[in-house]
2 protein chains.
Amino acid sequence: MALKQENTIDLPSLPRQRLGEQIADVLREQILLGQLSPGKNIPERETAAALGVSRTPLREGLLVLEAEGLVEMSPSKSPVVANPSFVEVNHLLLVQSALEELAGECACDEATQDEIDEIGAMHQMMVANVQEPDQIKFFQIDMAFHEAIVASTKNPSLIKTHKQYHSRLWRVRFLSARHREARDKAMVDHGRIVEGLRLRDKDQVSSEIRIHLRRAIENIRIVFAEEEASKSATD
Amino acid sequence: MALKQENTIDLPSLPRQRLGEQIADVLREQILLGQLSPGKNIPERETAAALGVSRTPLREGLLVLEAEGLVEMSPSKSPVVANPSFVEVNHLLLVQSALEELAGECACDEATQDEIDEIGAMHQMMVANVQEPDQIKFFQIDMAFHEAIVASTKNPSLIKTHKQYHSRLWRVRFLSARHREARDKAMVDHGRIVEGLRLRDKDQVSSEIRIHLRRAIENIRIVFAEEEASKSATD
DNA sequence: AAACTGTATTTGGTATACCAAGCAAAAATC
DNA sequence: GATTTTTGCTTGGTATACCAAATACAGTTT
């Protein structure tokens, strides 16, 4: 495990991040990438050993992830990767939508022209990749698009809270992004959002973002329905 | 310190909450009540000894509060109670407003009639106490009013996130609630919000909440200006 | 054969001991 | 006398050792 970064000669004392934070980052990435699948146990001793750290900082990392809602901990039970139900995801997406609507409005005031151009460029890149079989790439740009809008508000609290919801929704949104139809509709939504940003029209941006995320809820409903169907098929 | 609860004979094994959580609750309350004032250091060893616990769970509690934004921790420095600037508070309130606007909309769908009546009763109680010299009581009902609206949505994520922003804004909102004029205006806003809830009119509720919280920002601007003035007067 | 109980193992929770880095104060040198 | 360096004390960060509770398995008893 390469958590302990080498101190280079040039930077004898680098601004050490807490080990627990680094661990949280590693585990978060593994969860988002699905290497740690929802419902899976994360035994403390075993995981700590695998990462080459002791239980204390591992625990700190797990607590961070618990606060983010990615991991659930209960007494005398191994921490477990969260596996939200549809209604939970629905709740999360409603909040996410409210956050992004606010972000869209603030962006109209706060975003620089460069930032808006950058967001527009992301949109163009997605359009170019909409029929790309490599879904991961498409999806990552999609997420970056939303993040960029939020980042342009320069509101640290909003950015942080949005990021947390982003993490919790990552997997399910990834699953729903596999549907071609959903991607096509998303492109239309994104186009309108970019247009609104260019015009710095708060109402348009915010209402289009709402439409976009409400649509995402419907896509996710389908994903859950499919999963349910395939589950009962194997019974 | 009474953190270790006595096991009664009737309840030999009660559902123990993590010690760190309890510590976070204690410290949070002390911070909100101002017993731990903003900017104050919270040395780990000393505080742990004062609470009669060891550093590990105290640290866990501090990490919770750090995640909530109530405490700031940096390497080789004592944790310190957060002391947000006006622009930070402004950022926080914008998010809080978006969350409560969403809550208002959802409440129109999800709140039971009883819950709306209860919220209306809180409002009446505030109106009755608006000229009460005991500001603490008035303020607590004010906070409970907003919490009740959010709670009626039955959206756990929304409730949790809102609560965190609530904590971070507690002190400054308490300070701004001291102004009589602000309280009068708040009563008018609240009345319209309750009216909207009774009609289950999403647009009215959400827009009135927005007006109410945007007004709060202005009140807080005044508080910061006064503080700044009194500070330069003592120079 | 089934059910219940007891024991052993595994889990997370907590305390403590150790380590490294930072800051401040004091002493020494220029 | 002022400045710089060194040392020690205080801080948080990490590892480890210990404890209590829960669970699973096995043995015994009905």
Side-chain angles (χ1 to χ4, degrees), chain A residues 1-27 36 39-67 70-82, chain B residues 1-27 36 39-67 70-82:
Chain A
M1 162 113 222
L3 276 181
K4 294 267 186 185
Q5 61 275 66
E6 292 292 322
N7 287 359
T8 65
I9 298 173
D10 298 318
L11 292 171
S13 74
L14 44 83
R16 294 173 46 89
Q17 195 186 9
R18 261 190 304 247
L19 189 51
E21 304 281 344
Q22 301 177 45
I23 293 172
D25 290 341
V26 170
L27 292 179
L36 279 173
K40 191 163 183 176
N41 279 16
I42 311 178
E44 294 188 2
R45 284 172 172 75
E46 189 180 325
T47 310
L51 294 176
V53 298
S54 81
R55 280 179 60 208
T56 308
L58 169 69
R59 186 151 236 270
E60 180 179 329
L62 287 171
L63 289 168
V64 170
L65 297 179
E66 188 201 23
L70 282 177
V71 162
E72 290 165 3
M73 296 172 78
S74 40
S76 299
K77 283 191 171 55
S78 286
V80 62
V81 180
Chain B
M1 161 119 221
L3 278 181
K4 296 265 186 188
Q5 61 276 60
E6 291 293 320
N7 287 1
T8 65
I9 298 173
D10 298 317
L11 293 170
S13 74
L14 44 82
R16 294 172 47 91
Q17 193 187 10
R18 263 193 301 259
L19 190 50
E21 304 281 344
Q22 301 176 46
I23 293 171
D25 290 341
V26 170
L27 292 179
L36 279 173
K40 190 163 183 175
N41 280 15
I42 310 179
E44 294 188 0
R45 285 173 172 78
E46 189 180 325
T47 311
L51 294 176
V53 298
S54 82
R55 278 181 61 209
T56 308
L58 169 68
R59 184 153 237 270
E60 179 180 329
L62 287 171
L63 289 168
V64 170
L65 297 179
E66 188 200 22
L70 281 178
V71 161
E72 290 165 5
M73 295 172 78
S74 40
S76 301
K77 284 190 172 54
S78 286
V80 62
V81 179

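These numbers come from the heavy atoms of this one structure, side chains and all, not from hydrogens, waters or symmetry mates. Residue numbers start from 1 in every chain, and the chains themselves are labelled A, B, ... in the order their sequence lines are given, proteins ahead of strands. This one's a predicted model, so the numbers in the text were calculated from it and none came from an experiment.
- For A:L58 and D:dA15, the CG to C1' distance is 13 Å, given to the nearest whole Å.
- Taking atom CD of residue B:E60 and atom P of nucleotide C:dA15, one finds them 11 Å apart after rounding to whole Å.
- Under 4.0 angstrom from either OP1 or OP2 of C:dT10 there lies no side-chain N or O belonging to A:K77.
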Does B:L63 form a side-chain contact (heavy atoms from CB on, under 4.5 Å) with A:V64? I'd like the steps, not just the answer.
CA-CA 8 Å; B:L63 289 168; A:V64 170; over 6 Å; no

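- The distance from atom CG of A:N41 to atom P of D:dT23 is 13 Å, rounded to the nearest whole Å.
- Taking atom CG of residue B:L62 and atom P of nucleotide D:dT14, one finds them 15 Å apart after rounding to whole Å.
- Atom-to-atom distance recorded for B:T47:OG1 and B:L62:CG is 7.0 Å, nearest 0.5 angstrom.
- The distance from atom CD of B:E72 to atom NZ of B:K77, rounded to the nearest 0.5 Å, is 12.0 Å.
- Atom-to-atom, CD1 of A:I42 to P of C:dT11 comes out at 14 Å; the value is rounded to the nearest Å.
- Between the base of D:dG12 and the side chain of B:R45 there is a donor-acceptor pair shorter than 3.5 Å.
- Comparing C:dT16, D:dT14, D:dC18 by their closest approach to the side chain of B:S54 singles out C:dT16.
- Ranking D:dA15, C:dA15, D:dG12 by closeness to the B:L19 side chain, first place goes to C:dA15.
- The distance between atom CG of B:L51 and atom P of C:dT14, rounded to the nearest whole Å, is 14 Å.
- Applying the salt bridge (Lys or Arg N to Asp or Glu O under 4.0 Å) rule to pairs touching residues 45-58 of chain A yields A:E44-A:R55, sequence neighbours excluded.
- In this structure, B:R55 places its CZ atom 12 Å from P of C:dT16, rounding to the nearest Å.
- B:S78 comes within 4.0 angstrom of sugar-phosphate atoms only, judged by non-hydrogen atoms across all strands, and of no base.
- When distances are taken from the side chain of B:P43 to each of D:dG12, D:dT14, D:dC18, the shortest belongs to D:dG12.
- Between the CD atom of B:E46 and the P atom of D:dC9 there is a distance of 18 Å, rounded to whole Å.
- Between the CG atom in A:L65 and the CD atom in A:E60 there is a gap of 11.0 Å [rounded to 0.5 Å].
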